[in-house]
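Throughout, a chain's letter reflects where its sequence line sits, starting with A, and its residues are numbered from 1. Since the structure is predicted, the reported quantities are computational estimates derived from the model, not experimental observations.
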Amino acid sequence: MAEKQLRRSLSVLPMSTVMTLTGLTARQIRYYESQALVHPVRNEGNRRRYSLQDVDRLLEVKDGLASGMDFATLRRLFNQSAQIRKQTTTSLSDQQARQYLEPEMQQLAGMKPPVPGLWRHL
DNA sequence: ATTCTGACA
DNA sequence: TGTCAGAA
């Protein structure tokens, strides 16, 4: 299972591929990066290279924006998911994680996940 | 040919 | 967010 994640994290996709996979324009993809929502790697020629994980994140950003979320909210959401993944793999009980995110969960309680399983970690 | 940055008639 | 220019 670690092998799969490793590959999904490899940044090898060019802008053109990400554009067709996400349905977003290069402009939007670069702008979202400026908003710290994705962090593509640059190759020797200063070209951006995205991973499958980046594509997944871009898809979440796309639907998140579509359901009225702003960049700050998405940014916090992603940071929190990252936090939980770390803590969870560092032995923090799921109960403690939910308690820690109580405020956000209250807000998200009302809305429906734009993408099936977007709040999966919450 | 493709992507990057900066700028805005 | 689109789009165009000039460079890589």
Non-neighbouring partners of [X] that pass side-chain contact (heavy atoms from CB on, under 4.5 Å), sequence neighbours left out:
X       : result
A:Asn46 : A:Arg42
A:Ser11 : A:Val41, A:Arg49, A:Ser51, A:Asp54
A:Ala2  : none
A:Leu52 : A:Arg8, A:Leu13

Which nucleotide of DNA chain C is the first, and which the last, in the 5' to 3' direction, to come under 4.0 Å of a heavy atom belonging to chain A?
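Terminal contacting nucleotides, 5' to 3': C:dT1 to C:dA8.
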Whole-Å gap separating P (B:dT3) and CG (A:Asn46)
13 Å
Could you tell me the separation between the CZ atom of A:Arg48 and the C1' atom of B:dT2, rounded to a whole number of Å?
13 Å
Residues which pass side chain to side chain donor-acceptor pair (under 3.5 Å) with [X], listed by chain and number, not counting sequence neighbours:
X       : result
A:Ser16 : none
A:Arg7  : A:Glu3
A:Gln35 : none

Could you list the residues that satisfy salt bridge (Lys or Arg N to Asp or Glu O under 4.0 Å) with A:Arg48, not counting sequence neighbours?
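Here the qualifying residues are A:Glu33.
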Between A:Lys62 and A:Thr22 (side chain of the first, backbone of the second, donor and acceptor by atom type, cut-off under 3.5 Å), is there such a pair?
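Pair found, side chain donor or acceptor close to backbone of A:Thr22.
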Ignoring backbone atoms, test whether A:Arg47 places a side-chain nitrogen or oxygen under 4.0 Å from the OP1 or OP2 oxygen of B:dT2.
no
At 4.0 Å (heavy atoms only), tell me whether A:Arg42 reaches a base, stays on the sugar-phosphate, or touches nothing.
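Sugar-phosphate: the residue A:Arg42, judged by heavy atoms under 4.0 Å, touches backbone atoms but no base.
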All stems with DNA chain C, defined as three or more consecutive Watson-Crick or G-U pairs under 3.5 Å
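Stems (3+ consecutive pairs) listed as B:2-8 with C:2-8.
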Under 4.0 Å, heavy atom to any atom of DNA chain C: which of residues 21-34 of chain A qualify?
A:Thr25, A:Arg27, A:Gln28, A:Tyr32
Between A:Arg76 and A:Asn79, is any pair of side-chain heavy atoms under 4.5 Å apart?
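The answer is no; the side chains never approach within 4.5 Å.
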